Structure formats: structure tokens, C-alpha cells
Amino acid sequence: MANIKPSVPKGTRDFSPVEMVKRNYIFDTIKSVFRKFGYQEIQTPCMENLDTLTGKYGDEGDKLIFKILNSGDFWKEAESKKEKVAGLEFNSKTLLPILSEKALRYDLTVPFARYVVMHQNEISLPFRRFQVQPVWRADRPQKGRYREFYQCDADVVGSESLLNEAEFVLLYDEALSKLGLKDFTIKINNRKILSGIAEIIGKPELIVEMTVAIDKLDKIGFDGIVKELLDRGFTDADIEKLKPVILLEGSNEQKLADLKSVLETSVTGLKGIEEIETIFKYVSNLTSQSSALNARVELDITLARGLNYYTGAIFEVKTNEVAMGSIGGGGRYDDLTGMFGLKGLTGAGISFGADRIYDVLEELNLFPASTEETTKVLISNFDADAELYALPVLQQMRTNGIAAELYPSSAKLKKQMSYADNKKIPFVVLIGSDEMNSGELTLKDMRSGDQQKLQLGELIERIKQG
RNA sequence: GUGGUUUUAGCUCAGUUGGUUAGAGCGCCUGAUUGUGGUUCAGGAGGUCGUGGGUUCGAGCCCCAUAUUCCACCCCA
């Protein structure tokens, strides 16, 4: 077999021990907050049937789905199908089902919708679930963008209450604060407001074009948006009507007041405003002087988000401390399960982008120092006799809940010590003939360099103290 | 999918107009120290220069293709 240079696919990464400790710190923190808010964990397969996923993320999204090649001889399959079906012409569309019927999941929300429909008789509504698993997108990698990355989702289905949305704000706030972020913004909008705006300017059919354009305000400015809108079928008169809405400023209350007058003839638009107001009211009643939010909560009507299944509230979270795309997003989707045959079930959810949060914490140096330490104590290995003597000692350590390892060969002490040093192990126990004779073992604190002789019991107590 | 960029030792990077034997720092190994890491000192190992073609007397350097890194656009966590 030829020597193949080892590599991983574009946009994927290995995670080494140090990175895994940090990643688990993020996952554990987010999961603990999910549990605290009453969410239960599930997992779903990494692959779904292709038709479960297609058509849920828009045309752009569909292109980014990783498809899995069918096993077996697909060429033979194709030829036999051509014989059976008269006049079959092969093209990308007719060939696809022969080549692929499974795909890697693109997000956690659609698989969850599928899960809910399949397990509707087992779950009781409202159902609050969280899920922390990788998702895959056939994107071109760049800053904060990977082809394999983890999402941490919390969704609730079967509850219309806007209390859920309000709790998402608190959930984001608590989790990100726990991770050490100081300055972040939870942006909130409502699809109904966007619909109302499209309605007012008389172009309800262009709502998608309108939202993707105004979503770019931060990036390309108002003039850039005007250009995009003109390209996408809007007139100067439309833009004149849109302008005050896009450039809305002031406090959330002011924005809502201004929007109300703009949208006064749109039933849908006013409904959206009312929803936002209800959410804000819930949030203020869920917080108090002593438990104020760290997050800035901001109504941002330019927030659109590409996913076309959102019908109500839309969320997006950004950190203001480093340049990074959104680190979380979510919203309300009224009929996601409808596509799988279960009508009239509403859902709402949010997602944390764990890999981006990792990059942010790394850049801001926010990982706690304790994430570096793994093994607590290394027992040295002088020779065969000492090794035999050390085995029950090792066992005692572990029985006492101390992460311990015995150096597996009687290598030079120098090597054993530098192993401990490299691995940042804070304690080393030395067992030689003196120690075996006296029963007092030598404990070395690697951080100070101090060492003392102790009975095993004392030694364990000492290590437990840290 | 479009445009640009990167790739040289385990890691981070030098390498002049194309010219003998491709360098540094860190890390690794050995010793000073046969029961002691992190500091110091002495020595050592380690490279098909991303890959495949081409131009040339001669290519790490020039040309083409391809992979990869990072970045921007589209879009998105």
C-alpha cells in the first residue's frame, strides 16, 4: 500500500486532549443551563434520509447539504432504471435518487421536528428538549466557519406561549455569562414585522429578497442595501417607504412606537409588535434589580436570518468583544412538523454555536486555568519491586477519587519527572527502597518543588487538599 | 459556487537576481546530575521544500495543474 500523506477533509479538525477539556467545559456549561431550564437531552443519528432535509433550508441551504453516496453499484442501478422507465433522461435531478438517499444532518432543528413526529405518542406536550451534536455543511471554510461543527440546541414544541421566547433570552444570558462573556447582544426581531413591512410597501411576495438585503445593514450600509434592493425588484418609491424602517433608532420602546405608526394598517405587522412587547414584558418580570441581565437585548428589525421556516420571533446573539459572526440564533417556527404530516404544532428554539464560542473564549483568554490539569498525581516507577509496592497505593488513590497514574515502566526518574511536568501533574509520589522500608512515601509538589515524607493516609489527605 | 492568499524540520517561521552541502528559535534525544521536572551548560537526531507535471546546464525560488490553509463574496453557527 502506498504511503498516503495523512490529512483530514477540508474544514474538519482533530481535537487533542487540551482542546477537548476546553470544549467539554463549554458543552457542560451550556448543558447545565439547559437542564436548569427544564430541557431534556436527546440525540439523533448523524445521517438523515435526504428527503427529510431537502427543501427545509432554502435553495442555498440545499446546496450545502453533504450527501452520502449509496452503497452498491450505483452505475448498474442507473442502467437498470433506465431500462425499466421508458424515456428516462439522466440529469442531475433524475440521477440524484439513484446516487444518494441519505445525507449528513445540516442542523438539529429539522431532525428534531422529524423526531417529534415519529415519537409523538411517547412524548407529552409541551416537550422541551436539548441536543448537543455535530452538524455538517458543505461550505467553504473561513473565519468561524467549519464544515463540521457542534450546535447546542434547546427547543420547545407544543407551546404557543411567548414565555418560551422570554426564557430563551434568560437562557442565553445565563449560559454566556457563565462562560465569562461580558459584553454581548441578544438581537430580537419578528417575522411578522418583516411581513408587515413587505405588506405596507405592497410587495409581500418579495419578503425574502427584502430581508436578505436589509439584513446586511451592518456590513454594506444603507447605500449598499439600496443597490441590492433595486437589483432585487424594488423601486425607488418602495425604498423611500422602507428607509425610515431600516434606519430606525433609539431605545426598544421608541422603535416599537415608531413601528406601530408605520405598520398601523398591517394586521400581521401589529401582531408582531405585540409579540415583541409581550416578550419584553415577560423578560422584565423574570429579572429583578438583583438578577439583571448582562446581555444587551435589542430590537433589530434588520435581523432576518436565512432559515425560511421562522414565523414569529427571531433571535441572534453576537459578542461585542471580538469580531465574529453570530454565536447563536433561533426563533419560532409554527409549522415545522407539518412537513412531516403533523399539523398545528408550534415550536420555538435557540442554538449556541459551540465552535465559534470556543474561538471567542480562546481569543479573550477566558478558559479557566483548571481546564489544564488532568491527572492529579503520578507515582514513580523505580524498579519491579517498587512497581509491585506501588500497585495498592495506586488503587488507594483511585478509591479516594484522586486521578492517579503509575508510570508504566522503570524509566529514568528524570524522564518520569519531565513526563509529569509536561502533563502538568501537580504531585509526584516517589517510592524507592527507603520508602518501602519505612512505609513513608515521598510526596513532591511539582509547583513549589517542596517534598515531604508521609504515611499513605496523610499523603492522600494532602493531595485532596490540592 | 466566485475571487484572493498560504504551504520549507514535530511547532512557529527565515531563505537575496534561479547557482555548491536549505537555516533559526522552540520542542525532542543524550550527557553534565545512576533518587528529582521546570532554570543553566555541552553535544546530537530530524527536511522527497504540499503533490504531479513543465522550463532550465541547474528550481525551495519561474510556468501549468491539483490539494490544502486563511480571508472576502454568496450564504451562514
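Not measured: the values here are computed from a predicted model. Just so it is clear, the values below take in all heavy atoms, side chains as well, and ignore hydrogens, waters and symmetry mates.
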Mind checking [X] for me? I need base, sugar-phosphate or nothing, with any heavy atom below 4.0 Å counting as a touch.
| X | value |
| --- | --- |
| A:Phe382 | base |
| A:Glu316 | nothing |
| A:Ser380 | nothing |
| A:Gly61 | nothing |
| A:Arg232 | sugar-phosphate |
| A:Gly449 | base |
| A:Ser351 | nothing |
| A:Tyr146 | base |
| A:Gly11 | sugar-phosphate |

Subject >> Closest-nucleotide 5' rank along RNA chain B - winner of A:Lys412 and A:Ser448 >> reply: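 The residue whose closest nucleotide sits nearer the 5' end is A:Lys412.
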
Original post:
More 5' along RNA chain B: A:Asp355 or A:Val8, using each one's nearest nucleotide?
Top reply: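 The residue closer to the strand's 5' end, by nearest nucleotide, is A:Val8.
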
Integer-rounded Å distance: [N] [atom2] and [X] [atom1]:
| X | N | atom1 | atom2 | result |
| --- | --- | --- | --- | --- |
| A:Lys415 | B:U34 | NZ | C1' | 17 Å |
| A:Lys63 | B:C75 | NZ | P | 10 Å |
| A:Lys10 | B:U51 | NZ | C1' | 16 Å |
| A:Ile327 | B:C76 | CD1 | C1' | 15 Å |
| A:Gln142 | B:G3 | CD | P | 16 Å |
| A:Phe315 | B:A77 | CZ | C1' | 16 Å |
| A:Asp59 | B:G1 | CG | P | 16 Å |
| A:Lys56 | B:C76 | NZ | P | 17 Å |

Closest nucleotide among [options] to the [X] side chain:
| X | options | answer |
| --- | --- | --- |
| A:Arg140 | B:C71, B:C28, B:A77 | B:C71 |
| A:Arg137 | B:C76, B:G37, B:C74 | B:C76 |
| A:Asn422 | B:A77, B:C28, B:G37 | B:C28 |
| A:Asp421 | B:A77, B:G38, B:C75 | B:G38 |

Expressed as a whole number of Å, how far does the [atom1] atom of [N] sit from that of [M]?
| N | M | atom1 | result |
| --- | --- | --- | --- |
| B:C75 | B:G10 | C1' | 38 Å |
| B:G25 | B:U36 | C1' | 28 Å |
| B:U12 | B:G47 | C1' | 16 Å |
| B:U5 | B:C63 | P | 12 Å |
| B:U68 | B:U8 | P | 16 Å |
| B:G52 | B:C70 | P | 24 Å |
| B:A45 | B:G31 | C1' | 15 Å |
| B:A22 | B:C61 | P | 15 Å |

**OP:** Once you apply the 3.5 Å cut-off to both distances, tell me the Watson-Crick or G-U wobble partner of B:A65, or none.
**Re:**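 Its partner is B:U51.
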
**OP:** Provide the Watson-Crick or G-U wobble partner of B:U6, both distances under 3.5 Å; none if there is no partner.
**Re:**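 Checking every strand shown, B:U6 finds no partner, since no pair has both distances under 3.5 Å.
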
Original post:
Quick check: are there more than 12 heavy atoms from other residues, nucleotides or ligands sitting under 6.0 Å from NZ of A:Lys243?
Top reply: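 No, NZ of A:Lys243 has 12 or fewer neighbouring heavy atoms, counting only those of other groups under 6.0 Å.
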
Original post:
Do A:Gln416 and B:G35 share a donor-acceptor pair, side chain to base, under 3.5 Å?
Top reply: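 Absent.
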
Could you label the plane-to-plane angle of the [X] and [Y] rings as parallel, tilted or perpendicular, counting under 30° as parallel and over 60° as perpendicular?
| X | Y | result |
| --- | --- | --- |
| A:Tyr419 | A:Tyr407 | perpendicular |
| A:Phe315 | A:Phe168 | perpendicular |
| A:Tyr333 | A:Tyr309 | perpendicular |

Original post:
Of the non-hydrogen atoms in A:Phe74 and A:Ile98, which two are nearest, and what is the gap between them?
Top reply: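 Smallest heavy-atom distance, with atoms named: O-CG2, 3.7 Å.
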
Original post:
Does some side-chain heavy atom of A:Glu321 sit less than 4.5 Å from a side-chain heavy atom of A:Val360?
Top reply: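 They are not in contact (no side-chain heavy atoms under 4.5 Å apart), so the answer is no.
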
Original post:
Under 4.0 Å: is that the gap between some side-chain N or O of A:Lys219 and OP1 or OP2 of B:A72?
Top reply: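 For B:A72, neither OP1 nor OP2 has a side-chain N or O of A:Lys219 closer than 4.0 Å.
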
Subject >> Test log, rule side-chain hydrogen bond (donor to acceptor under 3.5 Å, both in side chains), inputs A:Asn320 and A:Thr185 >> reply: CA-CA 7 Å; A:Asn320 303 312; A:Thr185 304; 2.9 Å; yes

Subject >> Under 5.5 Å and under 30°: A:Phe149 stacked on B:A77 >> reply: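 One would call A:Phe149 stacked on the B:A77 base.
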
Original post:
Within 45 degrees of the axis of the six-membered ring of A:Tyr146 and under 6.0 Å from its centre: does A:Arg137 put its NZ or CZ there?
Top reply: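 Geometry flag: not set, cation outside 6.0 Å or 45°.
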
